[in-house]
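Following: one structure in structure tokens, then a few remarks.
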Amino acid sequence: MTTSGDASSAINLSDSWGSTLAAVFVSLVLYGVSILQTFLYYERYTKDTIILKLLVAWVFVLDTIHTILISTGVWQYFVVHFGDDNFLAYTHAPLLISIAVTSAVSSTVQSFFIYRIWFLTKSRFRWLFPAILMPFVIAQLVLGVSYTVIAMVFQTSVSAVSGPLLTKLANALNGTATAVDIIITISLCSLLAMGRTGFEDTDRMLLRLIFISVNTGLSSALFAFLSVILLVIYPTDLIFTALYYPLCTVYCNTLLASLNARTFARRGSSTDTREFNLVPSLVWQQTPAAESDADSVRTELTV
């Protein structure tokens, strides 16, 4: 039986490590989804290039490492060192390394979508978009690694997470990720909308692609943006981790969903599926069909 004295001395971890535990639960659910999506990708799209298959493998492996790290970190806090106040007062390697892994995944996925937009743009200024965005993509990786190193080596206490230096780094990291995700989503949707041809099958496919782009692009932006908001509102707590730690798996699912959705984008089209080239990206160009069938257009998906 718990006495009143024991109850009064109990420690409430809801706003600190409780939020991190909730983040692990969400991440594990999303990781299960990414396992399914990875299986579906390799089962359905066997004709994709080796580069794209390696990209998917790279992102999935990093997501797996991230899931192991955050699960190990929570296990240390709540099982191995349960009741050890000294251990709870400091940050430790598994959870901190996962931040650098998240930055690596976000940079990889965003680079892939920037490549899509670069390929889709036919203007002579096509290099302008990646030239502007890629420095911010690289900055995310630098900020993530910097946060991990500083928190592991120089500012190891949990209270330092809400300190001015690490707070600025975290806000810069998540703010940059949010901005890049939103710009990519808007740019991709705009280019897709400009590609409408007046042919019913093609325009229907474009609308599906716009729907997919909005849903996949804004999901990661929403997680990163809310992480910034929570860190600003609750700077002395770890509530923001409830949305930050699942971000890595969200990026992984964003990539896989956009690739697996190619079948959905073509669903209902009366165009012969043999005319589709099943290749990495959703970037396409319209080419006239044979002169004997001048009223039809063949949609080619190209790298």
Side-chain angles (χ1 to χ4, degrees), residues 26-67 98 100-120 129-130 133-134 136-138 140-141 144 174 176-189 191-192 208-224 244-265 278-284 301-303:
V26 175
S27 296
L28 289 174
V29 172
L30 294 176
Y31 180 67
V33 177
S34 68
I35 292 176
L36 175 61
Q37 288 212 78
T38 302
F39 171 79
L40 292 176
Y41 168 75
Y42 283 109
E43 192 272 334
R44 291 180 178 177
Y45 300 101
T46 57
K47 295 183 180 179
D48 276 359
T49 63
I50 187 64
I51 295 178
L52 189 64
K53 291 179 179 179
L54 289 175
L55 172 66
V56 171
W58 166 253
V59 172
F60 179 72
V61 168
L62 287 180
D63 186 31
T64 301
I65 294 174
H66 174 269
T67 302
S98 71
V101 175
T102 299
S103 298
V105 171
S106 66
S107 299
T108 302
V109 174
Q110 289 175 348
S111 298
F112 171 75
F113 286 113
I114 290 174
Y115 164 76
R116 269 188 180 178
I117 296 172
W118 169 83
F119 188 88
L120 180 61
F129 188 82
L133 283 191
M134 283 308 298
F136 293 97
V137 173
I138 297 173
Q140 292 176 58
L141 183 59
N174 291 321
T176 302
T178 302
V180 173
D181 286 337
I182 292 175
I183 293 174
I184 288 175
T185 302
I186 294 175
S187 301
L188 190 56
C189 290
L191 290 172
L192 288 170
R208 291 193 181 106
L209 292 175
I210 292 174
F211 175 79
I212 294 166
S213 299
V214 170
N215 281 274
T216 56
L218 294 185
S219 60
S220 55
L222 182 63
F223 270 75
Y244 177 76
Y245 282 121
L247 188 58
C248 178
T249 312
V250 170
Y251 273 112
C252 180
N253 277 289
T254 295
L255 174 66
L256 291 167
S258 65
L259 294 175
N260 289 334
R262 285 174 287 178
T263 300
F264 167 76
L278 300 179
V279 289
S281 69
L282 292 174
V283 178
W284 70 93
L301 299 178
T302 54
V303 179

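Nothing here was measured: the structure is a model prediction, and the numbers come from that model.
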### Ile51 atom CD1, over 12 foreign heavy atoms within 6.0 Å
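No, not enclosed.
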### Within 6.0 Å of CZ in Phe39, more than 12 heavy atoms from elsewhere
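No, not enclosed.
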### Task
For Tyr244, check side-chain hydrogen bond (donor to acceptor under 3.5 Å, both in side chains) against everything at least two apart and list the hits.
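Counting only residues at least two positions away or on another chain, Tyr244 forms no side-chain hydrogen bond (donor to acceptor under 3.5 Å, both in side chains).
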Side-chain contact test, heavy atoms from C-beta onward, threshold under 4.5 Å: evaluate it for [X] versus [Y] and give yes or no.
X      : Y      : answer
Phe112 : Leu259 : yes
Leu62  : Cys248 : no
Tyr41  : Asp48  : yes
Cys252 : His66  : no
Tyr251 : Val59  : no

[X] side, atom [atom1]; [Y] side, atom [atom2] - distance, nearest 0.5 Å:
X      : Y      : atom1 : atom2 : value
Leu255 : Asn260 : CG    : CG    : 9.0 Å
Leu256 : Ile35  : CG    : CD1   : 11.0 Å
Thr102 : Gln140 : OG1   : CD    : 11.0 Å
Leu247 : Ser220 : CG    : OG    : 7.0 Å
Ile183 : Thr178 : CD1   : OG1   : 11.0 Å
Leu52  : Lys47  : CG    : NZ    : 15.5 Å

Any idea which heavy atoms bring [X] and [Y] closest together, and the distance?
X      : Y      : result
Ser111 : Met134 : OG-CE, 3.6 Å
Ala100 : Leu141 : O-CD1, 4.4 Å
Ser27  : Pro246 : OG-CA, 3.2 Å
Ser34  : Thr249 : OG-CG2, 4.4 Å

### Task
Take Ser258 and Arg116 through the test side-chain contact (heavy atoms from CB on, under 4.5 Å) and record every step on the way to the result.
CA-CA 11 Å; Ser258 65; Arg116 269 188 180 178; 3.6 Å; yes
### Task
Anything under 30° is parallel, anything over 60° is perpendicular, the rest tilted; go ahead and classify Tyr31 against Phe60.
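Ring orientation, 0 to 90° scale: parallel.
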### Query
Between Ser106 (side chain) and Ser103 (backbone), is there a donor-acceptor pair under 3.5 Å?
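Yes.
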